[in-house]
There are 2 protein chains.
Amino acid sequence: MATVSNGDGGGRPRRPTGADVARRAGLSRATVSYVLNDTPHQAIPEPTRQRVLAAAAELGYTPSAAGRALRNGHSEVVLLLLPDWPIGPSVGELLESLSSALAELGLTFVAHPRSTGRPVSDVWKAITPAAVITFEQLDDAETTKLEAAGVELAVALFGGRRGGRALDIPEQRTGRLQAEHLAAAGHRRLGYAWPDDPRVLTFAQPRLEGVRHACADFGLPEPEVVTVPLTPEGVTGAVRAWRAGEPAVTGICAYNDEVALALLAGARRVGVDVPGDLAVVGVDDIPASAVSLPTLTTVRADTAALAGHIAESIRRKLDGRPVSRRPGSDIHAVIRRESA
Amino acid sequence: MATVSNGDGGGRPRRPTGADVARRAGLSRATVSYVLNDTPHQAIPEPTRQRVLAAAAELGYTPSAAGRALRNGHSEVVLLLLPDWPIGPSVGELLESLSSALAELGLTFVAHPRSTGRPVSDVWKAITPAAVITFEQLDDAETTKLEAAGVELAVALFGGRRGGRALDIPEQRTGRLQAEHLAAAGHRRLGYAWPDDPRVLTFAQPRLEGVRHACADFGLPEPEVVTVPLTPEGVTGAVRAWRAGEPAVTGICAYNDEVALALLAGARRVGVDVPGDLAVVGVDDIPASAVSLPTLTTVRADTAALAGHIAESIRRKLDGRPVSRRPGSDIHAVIRRESA
DNA sequence: CTGTTAGCGCTTTCAT
DNA sequence: ATGAAAGCGCTAACAG
C-alpha cells in the first residue's frame, strides 16, 4: 500500500487540504466540508464538529480559494473598477473603508485601475469575483457579459439613472449642504465651480442639482455656474467672472476641495479676499484643506458608514436577501473652517 | 447515447470550455491546451493550430481562471498591497501605469488596501496571485508564509535594505535633484521639510539622504531638518524655525508636494515671501501644484517608465529570466515653476 | 504529432 | 449522521 507520503518525507511541505483534515479527524471530506461551511440543513453533532475544528486548527488548514472558485463558479473577491479620472485622497479613503467593511463580512476587496490596452472584461475573467463595483453604471451590454462570465452581481455606486442596479449614494446632499451653509451665512448670490473634466460629470451633475434645489428653497436666484480649468489662468478667470456679476457672487460651492483650493489661490492672485469678498466651500475634506490659507470649509462624508452600507448591501444581495436601498442621510456634514 | 446537451436545449448557455473547443475542432483537450498556450517543445503543425484557433474564436472561448489557478497553484494576477498611509494622486498614477504595463505582459493587476480587521495573509489566500508587490519590504516571516501559500514572487518597490528582494527605486535621486536645483539658484543654506508621519519613513529617509549628499557635493552645510505637522500651527512653526537660523535658511526641500503646498500657506501666514525669502521645492507634481500661489517647483517621476521597469522585472522573474536591477536614472526631472 | 488520463481542492447529491 | 463519488476546467506526463 505505498501511497503518497504527506510531504514530511520528501519535498517542501504541501499546504494542508480538506482531505488532510478529514484523515486527521478520522472522518470524510464531506463531513469536514459541512462543518467548515456551516452548511444549512446538515445536522452535525457537537463532538464531531469539534473533532473537525481541532484537526483543521492543528494542521493550520485554510481552504484553497482556487478549488472553491472552480467549484462555485466565482471567487470570494469583490472587485472595484477604479474610475478613469485621477484618483485622490478621498477615493483612497473610500477604498480603505470598503476593504475593511467587506473583510468584516468575509469578502476580499481589490481594486483595479482601468488599464489602457486590455479591455476590462479580461479583468473579471482573471478574477471571477463574486461582485463587481463600479463608480458609474455599466452598459447593459457589459453587464450581461459580466453575468455570463459568472459574476453574480454588479453594483454602481453613483448615478442610479435607469433600472435599479445602482446603490445611489446621495451626492445631491453634498451640494445642498454647501449651499445651505452659505445661505445661512447670509450670501444671496451663489456660484458653482464646475470641474473642467468631462469624466466626472456623473458626480458634478447631482451636486450642482443639490445646490440648485437649496437655492430654490431659500429663495435665492439660480447659482452662477462657471467651469474652472485647473490652471492659474483658469482659476483667475473664474473668480473674475463671479466678481463681475451684477450683483456680484459672494459665495462659491466648489465641485470638490481640489477645485476649491485652486480657487483660493486664484482669488488671491486677483486680489479678492476669502472669505471677505468671496466665501468658498469644498467637498471631500482632503488633508490639504486643513492647512491651506485660509483653511477650507468643506463637506465631508462619513466614509466608514458609507462603506458599511455598501458592503452590507453586497453581502445581502449575494445571499439573496433583500436590500435597504439608500444609505442614511446623515452621512454628510459641513466641516466649518476659515473659508466660509 | 443520451449524453448531456450543451445548454442549447435547456438552461442558460454555459461558458464554452476547453473540451468544447476540442470537440468542435475534432481534436483532444490536450492538443487544444498545447496550441492555446504555445507550450514549448510541442510541435504542432500549422493546419491543426488553425483548426484549434478557429474553433476557439467561433465559440468565444476564454480560459477559466479558476481552473487554471487550481491546476497551476496560482493565478495570473499581480497583487499590490497598498501602504497604510493615506494615498494621494501620485500613488493613483502609479497604479494606473502599473496596471497598463502589466496588462501588456498578460498579467492582471489589482490593488488591495490593507484592511483593519483581517490579516493580510487572508488576501493572498483569496487571490493566490502570481506575484505580490509591496511598497516596503515584507518581514522574512511573512515572505516565507507567502511562498508557502503558493505565491511565486514578492517584490518590494522601495527600501532595498537587506537581501536583494527589493526593486530599489532610486528615491535618493529626488532629494538630490531638489537640492541641486536650489544650489544652482544660489541658495547656500537649505532646509528639509520632514513629514510628520512615521509611516512614510522609508521614503523620507532616502530622499533626505539625497539632499545630504548633494549638499556635501556643493560644499553646503548640512540641511536643517524640521518636522512639519500638517496643521496651520505646524507649518508656521516650521517656517519660523528656518527663518530664525543663523544664517537663515533660504531654500526648502519638502518631503512631497503636500508638505510643500502646506509650507506655501504657512509662509504666507507669517509674512514670508515665496520664493523671495524662501524657495520651496516639492516632490510628485500633484495636480494642485500647478495651480497654487505661487505654483510649485517640484520633482516629477516618469511613472510610465517606472511601471514599465517594474512590470518587466516581474515578468522576467516569473519566467525565471535574469533581471536588470535598477531602473534608468533619468526617470526623475525637476518641473520648474514659481516657487523656486 | 496527437490522444488518454490523472489529478489540482472543493462542494454536493445520493446512499447508507 | 456520515461516507463515496462525481465533476468544476485545466495542464502535463505518458502512450501510442
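Note on naming: letters A, B, ... go to the chains in the order of the sequence lines (proteins, then strands), and numbering restarts at 1 for each one. Here the structure is a predicted model, which is why all the values come from computation and not from measurement.
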Measuring to OP1 and OP2 of [N], would you say a side-chain N or O of [X] lies under 4.0 angstrom away?
X: A/Y61; N: C/dC10; answer: yes
X: A/T31; N: D/dT2; answer: no
X: B/T48; N: C/dT2; answer: yes
X: A/S28; N: D/dG3; answer: yes
X: A/N37; N: C/dT11; answer: yes

What nucleotide, of [options], holds the atom closest to the side chain of [X]?
X: B/S33; options: C/dC1, C/dC10, D/dT11; answer: D/dT11
X: A/T17; options: D/dA12, C/dT11, C/dC10; answer: C/dC10
X: B/R68; options: C/dG3, D/dC10, C/dT11; answer: D/dC10
X: B/R29; options: D/dC10, C/dT2, D/dG7; answer: D/dC10
X: A/A30; options: D/dG3, C/dT4, C/dT2; answer: D/dG3
X: A/P63; options: D/dA1, D/dC8, C/dC10; answer: C/dC10

### Query
DNA chain D: B/S64 or B/Y34, which has the more 5' nearest nucleotide?
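Nearer the 5' end of the strand: B/S64.
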Calculate the interatomic distance between [X] atom [atom1] and [N] atom [atom2]; express it in whole Å.
X: A/D20; N: C/dG7; atom1: CG; atom2: P; result: 15 Å
X: A/H74; N: D/dC8; atom1: NE2; atom2: P; result: 17 Å
X: A/R71; N: D/dA5; atom1: CZ; atom2: P; result: 17 Å
X: A/R23; N: C/dG9; atom1: CZ; atom2: C1'; result: 12 Å
X: A/R49; N: D/dT2; atom1: CZ; atom2: P; result: 12 Å
X: B/L27; N: C/dT2; atom1: CG; atom2: C1'; result: 8 Å
X: A/Q42; N: C/dC14; atom1: CD; atom2: P; result: 13 Å
X: A/E46; N: D/dA1; atom1: CD; atom2: P; result: 13 Å

Does a donor on one side chain sit under 3.5 Å from an acceptor on the other, for [X] and [Y]?
X: A/T128; Y: A/S75; value: no
X: A/S100; Y: A/S97; value: no
X: A/T108; Y: A/E76; value: no

### Task
Might you work through the salt bridge (Lys or Arg N to Asp or Glu O under 4.0 Å) test for B/R24 and B/D20, ending with a clear yes or no?
CA-CA 6 Å; B/R24 172 135 208 183; B/D20 295 330; over 6 Å; no
### Query
Checking B/T303 side chain against B/E93 main chain: does a donor-acceptor pair fall under 3.5 Å?
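It does not hold such a pair.
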